[in-house]
Amino acid sequence: MSKELTKRADNYSEWYNELVVKSQLADHSAVRGCMVIKPYGYALWENMRDQLDKMFKETGHVNAYFPLFVPKSLFEAEEANAEGFAKECAIVTHYRLKADPNNKGKLIVDPDAKLEEELVVRPTSEAIIWNTYKGWIQSYRDLPILINQWANVVRWEMRTRLFLRTAEFLWQEGHTAHATKEEAIEETVKMVNVYANFVEEYMAVPVVIGVKSANERFAGAEDTYCIEALMQDGKALQAGTSHFLGQNFAKAFDVKFSDKNNKLEHVWATSWGVSTRLIGALIMAHSDDQGLVMPPKIAPLQIVIVPIYKGDDSKPVIDEKANSMMASLKKLGVRVKYDDSDNARPGWKFAEYELKGVPIRVALGMRDLENNVVEVARRDTKEKQTISLDGIVDYLKNLLDEIQQNIFDRALAYRNEHITEANTWEEFIELLDGKGGFVAAHWDGTGDTEEKIKELTKATIRCIPVNNKQEAGVCILSGKQSRERVLFARAY
RNA sequence: CGGGAUGUAGCGUAGCCCGGUUAUCGCGCCUGGUUUGGGACCAGGAGGUCGCAAGUUCGAAUCUUGCCAUCCCGACCA
């Protein structure tokens, strides 16, 4: 492994790609556009998943699992949804291979094993789930259904990037069914807030909660709520979405229920999801030229203890101290590792754990033990301090909290500095090309204008923030009347 | 999918233009020893379908064609 990571300022996307691979989060695989999530990356995903899962359960949801394959006839039932995803679907057409008679040792698709009906590999599961819900719902007493599924989905993307956009990715998708429109909207909003809380509190990434414009809406939704995060290079990243699906899927799959008055009505729906893309957001929100910076709450490893010994005599003494410190930390639920491997010297380990973003490094040598201290280095600020061994465990535990807060505050300050108002087209362009970030500008509310702005600047409407300030103005492009500003940005 | 670039050991590379012994060097890896407070040193050693497949040739890492993958720029997207 080469030592140097490309600097962010030199080439941000190269830095990102190198960092993902060198920090051992993930690797390219033999399959086009698909990544291997390595143990370190998967441990991070598990921490994120476990916390989200807990939050879903606290809000009344349960997990279930639906098939990977969707019969084409079901997939096409909800037209807007089907159309939206049609051009990026993988399709299973056969169920058997056979020996190639012309090429020994090779296999060919058996032409006699063609499926009666093609199966779409799910790009999202609304179709198969709503087809299933049809059999589950007869009465208002069967509602609401509050189900989440942890799954993989496939979207045949033209251009892929590790975590940010892969052909197969891991995610969760919530699919809920409700008796009333109000309840479904409430659910949609509740879940976008769960996402915002998770991303801000655990991933330390500040987000803007908002609503998508009609153009950016999920295929088949009446309304799409989203959380938008800002990356260090000034580009926005959609970090999660929560859709109010109206009665579109209930109508497409004929899902009706009897209300209290024995009146038949279509069911109201929501769906919401976050994916492994969040890991991309995490990386690009916090990391630096030395490597990853992991927020302690979800870091696979929170503290690493590195021994520094001279000769074999000191090793057992250091081991004993390190092991007792580690035991105390583990008792407090801290994810800690004592790295006494002798195939790397301390300097190498320091650099390696910085690359991997471990929040705290504790260095422990005889010199320290004689003075009853250790050296504590924090990843977020790269500060090193000599700390007394008395009360070290509490100190470290508190420091983890402090680091979590500092990383968030830093990202928040950056984000807030990068929401800028533009009142003229010239200002708008200048901000996008220069400072970057979110540009708050008036827009006339039409899809045409939005499309034109996108063509001219590559910037899209990221969202219309919830509780947006109402303020009269004129659209930066068309000059027509506008009641509020919306957030534009170039995005991933 | 369109335009550009790249592909030689785990990683980074020389050689390619102008075909010709056993494919270069560094890091990493293995063995032994000395080391260990910011990516150690010495000695010995292992590791290669030169992205894949055809073709041209007495002979291909080198020339030709096709394919694949990666990166950058577009269109699409969580």
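Quick note on labels: first sequence line is chain A, next is B, and so on, each numbered from 1.
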Tell me whether the OP1 or OP2 atom of B:G74 has a side-chain N or O from A:Lys454 closer than 4.0 Å.
no
So, OP1 or OP2 of B:C71: does either fall under 4.0 Å of a side-chain N or O from A:Ser13?
no
Which pairs pass side chain to side chain donor-acceptor pair (under 3.5 Å) with one or both residues in residues 292-310 of chain A, sequence neighbours excluded?
A:Glu201-A:Lys297
Pick base, sugar-phosphate or nothing for A:Lys458, based on heavy-atom distances below 4.0 Å to the nucleic acid.
sugar-phosphate
Where along residues 31-54 of chain A does a heavy atom fall under 4.0 Å from RNA chain B?
A:Arg32, A:Gly33
RNA chain B contacts made by residues 356-388 of chain A, counting heavy atoms under 4.0 Å
A:Arg361, A:Ala363, A:Gly365, A:Met366, A:Arg367, A:Asp368, A:Glu375, A:Lys384
Which residues share a side-chain hydrogen bond (donor to acceptor under 3.5 Å, both in side chains) with A:Asn372, sequence neighbours left out:
A:Asp390
Measuring to OP1 and OP2 of B:C29, would you say a side-chain N or O of A:Asn343 lies under 4.0 angstrom away?
no
Only counting residues at least two apart or in another chain, list the ones meeting side-chain hydrogen bond (donor to acceptor under 3.5 Å, both in side chains) with A:Thr6.
A:Glu14, A:Glu18
Could you tell me whether A:Ser341 contacts a base, only the sugar-phosphate backbone, or nothing, with contacts defined as non-hydrogen atoms closer than 4.0 Å?
nothing
Is any side-chain N or O of A:Lys310 closer than 4.0 Å to OP1 or OP2 of B:G37?
no
When you measure only distances, ignoring hydrogens and angles, does the side chain of A:Glu354 come within 3.5 Å of the base of B:G38 through a donor and an acceptor?
yes
Rounded to the nearest 0.5 Å, how far does CD of A:Gln290 lie from CD of A:Glu354?
6.5 Å
Between N or O atoms, less than 3.5 Å apart, protein on one side and nucleotides 40-47 of chain B on the other: list the pairs.
| unit_1 | atom_1 | unit_2 | atom_2 | d |
| --- | --- | --- | --- | --- |
| B:A40 | OP2 | A:Arg345 | NH1 | 2.6 |
| B:A40 | O4' | A:Arg345 | NH1 | 3.1 |
| B:A40 | N9 | A:Arg345 | NE | 3.4 |

CZ of A:Phe350 versus C1' of B:G38: gap in Å, rounded?
6 Å
Pick the closest RNA chain B nucleotide for A:Glu455 and for A:Glu14 by heavy atoms, then say which residue is nearer the 5' end.
A:Glu14
Below 4.0 angstrom, which residues in residues 150-163 of chain A have at least one non-hydrogen atom near RNA chain B?
A:Arg155, A:Glu157, A:Met158, A:Arg159
Which ranges of RNA chain B pair up as stems, where a stem means three or more consecutive Watson-Crick or G-U pairs with both distances under 3.5 Å?
B:1-7 with B:68-74, B:10-12 with B:25-27, B:29-34 with B:40-45, B:51-55 with B:63-67
Between atom NZ in A:Lys22 and atom P in B:G39, what is the gap in whole Å?
17 Å
A:Trp348 meets the ring-ring contact (aromatic ring centres under 6.0 Å, His included) criterion, sequence neighbours left out, with none
Quick one: A:Asn215 CG to B:C76 C1', roughly how many Å, whole number?
14 Å
Mind calculating the distance between CZ (A:Phe218) and P (B:C76) to the nearest angstrom?
18 Å
Could you tell me which residues satisfy ring-ring contact (aromatic ring centres under 6.0 Å, His included) with A:Phe56, sequence neighbours excluded, listed by chain and number?
A:Trp272
Atom-to-atom span, NE2 of A:His28 to C1' of B:C71 - whole angstrom
9 Å
side-chain hydrogen bond (donor to acceptor under 3.5 Å, both in side chains) against A:Thr176, all qualifying residues, sequence neighbours excluded:
A:His178, A:Thr270
Are there over 12 heavy-atom neighbours, none belonging to A:Trp150, within less than 6.0 Å of that residue's CH2?
yes
Those residues at least two apart in sequence (or on a different chain) that pass ring-ring contact (aromatic ring centres under 6.0 Å, His included) with A:Phe85 are A:Phe218
Please check: side-chain N/O of A:Asn81 versus main-chain N/O of A:Ala219, any donor-acceptor pairing under 3.5 Å?
yes
